[in-house]
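Keep in mind that what you see is a predicted model, and the values were worked out from it rather than measured.
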Amino acid sequence: MAPKRKVVDPVSDAEGSGAEDKKAPKKAKGKGPVVPLDPSLPINTAFPAELSFPAKPAGTIRIAAWNICGIQASQKKGFSKYVEAEDSDILVLTETKTSDPGFPVLSEKYPHRYFGVDPKKGYAGTAILSKLEPQSVVFGLPTTAEPLSATAGRIVTLEFENTYVVGTYVPNAGNGLVNLDKKEAWNVAFEKYLRELDAKKAVIWTGDLNVVPTDKDIRNWSTNYNKSAGCTDQEISGFNSQLNPSSESGHKKLIDVWRHLNPDKVGYYTYFSYRFQCRVKGIGWRLDYFVVSERILEKIKTCEIRLEVYGASDHVPLMLEFEGSL
């Protein structure tokens, strides 16, 4: 519950004589406790003791994505339990903060593991783990002027026969938007890369994209809009441009899958700060996505936010099931 409004005792707090004759002020009416927009959604603050999911349908490939806020820390709080329960064919991890930790749950389940490491130790980090062997792997963003190693902790691309699977931990604009110019430069370079990939094969792009494109994707839009990282016109415009190329360009659209399937849902977020009881109050941001080339949208059988999987990270995972082969 929200803290009660403080009421001052007019007698004990007053100075000088005559204070006892003053009338106590009326209590101001509070707004009441902040509660989730949808009371049916889970608000657990610790990782579930028991966790299971239905098996994937025959003929589909399950892909999961999760910002784990440090894989070593997450492992101590339930990471392996989720990996076992989800049993995805491909697992995209962001903010790993390290190279391959060698956890048995990963090495035994995923023979193909690709950890992109940031030049700054203990920072960022993106990994794709797969049961399926890719045709090629690229670490980093090729369309920037920087060497690939500079962005290896931000993006990993796996090429399969018919698709590219791209995992990204998109840079944050920073407190006070101090890195907004760098975020805009990333968006321009990444859009160019998306177009190059999509011109060859369909794209499945996932990870922590660090943007909230609409007021349905964040609980407190008005207090964050054009004030907080991920919620500025520049970042939203960059994301919309990535999904919607101009008609003259000859390129095709990409689709934010979860929002496409759930156009009117609110309260479904992928990030809840550990502070201020945000999880219990349902104060969150939808920062993690699956984006796909429009031409393969019919192959997407489901896309879900695993809202109950909270506690091993301040983000929750999301999952997509794709019909056919990648």
Side-chain angles (χ1 to χ4, degrees), residues 53-54 56-57 60-68 82-83 86-95 114 126-132 134 154-160 162-170 187 190-191 193-194 197-198 201-214 216-218 230 236 238-244 252-265 268-271 284-309 313 315-326:
F53 303 109
K56 66 176 185 178
T60 64
I61 291 172
R62 178 175 291 182
I63 306 174
W66 194 12
N67 178 320
I68 50 175
Y82 168 74
V83 175
E86 190 71 84
D87 194 25
S88 59
D89 297 293
I90 295 176
L91 176 62
V92 179
L93 302 174
T94 54
E95 204 173 355
Y114 307 98
T126 300
I128 304 183
L129 303 94
S130 178
K131 297 178 182 180
L132 313 170
R154 292 289 179 181
I155 175 171
V156 179
T157 304
L158 269 55
E159 179 186 8
F160 294 94
N162 304 305
T163 61
Y164 291 100
V165 174
V166 183
T168 60
Y169 179 37
V170 173
N187 280 338
F190 184 73
E191 180 175 348
Y193 184 54
L194 267 182
L197 295 181
D198 190 59
K201 298 180 181 182
V203 172
I204 299 174
W205 170 29
T206 187
D208 180 349
L209 309 193
N210 264 321
V211 66
V212 284
T214 74
K216 293 179 182 178
D217 301 307
I218 181 173
I236 294 167
F239 182 62
N240 287 335
S241 181
Q242 289 162 357
L243 269 57
N244 300 284
K252 305 298 182 182
K253 288 181 61 174
L254 290 95
I255 304 295
D256 170 2
V257 179
W258 189 88
R259 181 53 73 195
H260 174 80
L261 297 175
N262 304 277
D264 301 317
K265 282 188 176 180
Y268 286 74
Y269 309 121
T270 64
Y271 164 76
W285 302 51
R286 189 171 72 95
L287 296 175
D288 305 81
Y289 298 77
F290 275 102
V291 172
V292 305
S293 301
E294 186 178 39
R295 61 186 181 275
I296 60 169
L297 186 60
E298 62 181 13
K299 291 180 174 290
I300 307 303
K301 298 296 115 178
T302 189
C303 184
E304 298 180 10
I305 297 173
R306 300 296 201 195
L307 280 167
E308 66 270 44
V309 186
S313 168
H315 289 244
V316 297
L318 60 161
M319 177 277 294
L320 174 145
E321 287 172 349
F322 180 88
E323 185 176 54
S325 62
L326 292 176

Can you tell me which residue among Ile300, Asp89, Ile90, Val165 is in a side-chain contact (heavy atoms from CB on, under 4.5 Å) with Phe322?
Ile300
Distance check, rounded to the nearest 0.5 Å: [X] atom [atom1] versus [Y] atom [atom2]?
X      : Y      : atom1 : atom2 : result
Asn244 : Lys252 : CG    : NZ    : 13.5 Å
Asp288 : Asp208 : CG    : CG    : 4.5 Å
Phe53  : Asp87  : CZ    : CG    : 11.5 Å
Asn67  : Thr94  : CG    : OG1   : 4.0 Å
Ser313 : Glu95  : OG    : CD    : 7.5 Å
Leu318 : His315 : CG    : NE2   : 11.0 Å

Within the side chain of Thr206, is there an N or O that forms a donor-acceptor pair under 3.5 Å with the backbone of Ala65?
no
Check: Leu194 main-chain N/O paired with Gln242 side-chain donor or acceptor under 3.5 Å
no
Could you check Tyr164, Trp205, Tyr193 and say which one makes a side chain to side chain donor-acceptor pair (under 3.5 Å) with Thr157?
Tyr193
I'd like to know whether the aromatic ring centres of [X] and [Y] sit less than 6.0 Å apart in this structure.
X      : Y      : answer
Tyr268 : Trp258 : yes
Trp66  : Tyr82  : yes
Phe239 : Phe190 : no

Carboxylate-amine/guanidinium proximity below 4.0 Å for Glu321 and Lys56
no
Decide, yes or no, whether a salt bridge links Glu304 with Arg306 under the criterion of side-chain N to carboxylate O below 4.0 Å.
yes
Is there any salt bridge (Lys or Arg N to Asp or Glu O under 4.0 Å) pair reaching into residues 290-299, and which pairs are they, with sequence neighbours excluded?
Asp198-Arg295
List the residues meeting side chain to side chain donor-acceptor pair (under 3.5 Å) with Asn210, not counting sequence neighbours, and say none if there are none.
none
Across all chains, not counting sequence neighbours, the side chain to side chain donor-acceptor pair (under 3.5 Å) partners of Trp285 are none
Cation-pi check for Tyr271 against Arg286: NZ or CZ below 6.0 Å from the six-membered ring centre and within 45 degrees of the axis, yes or no?
no
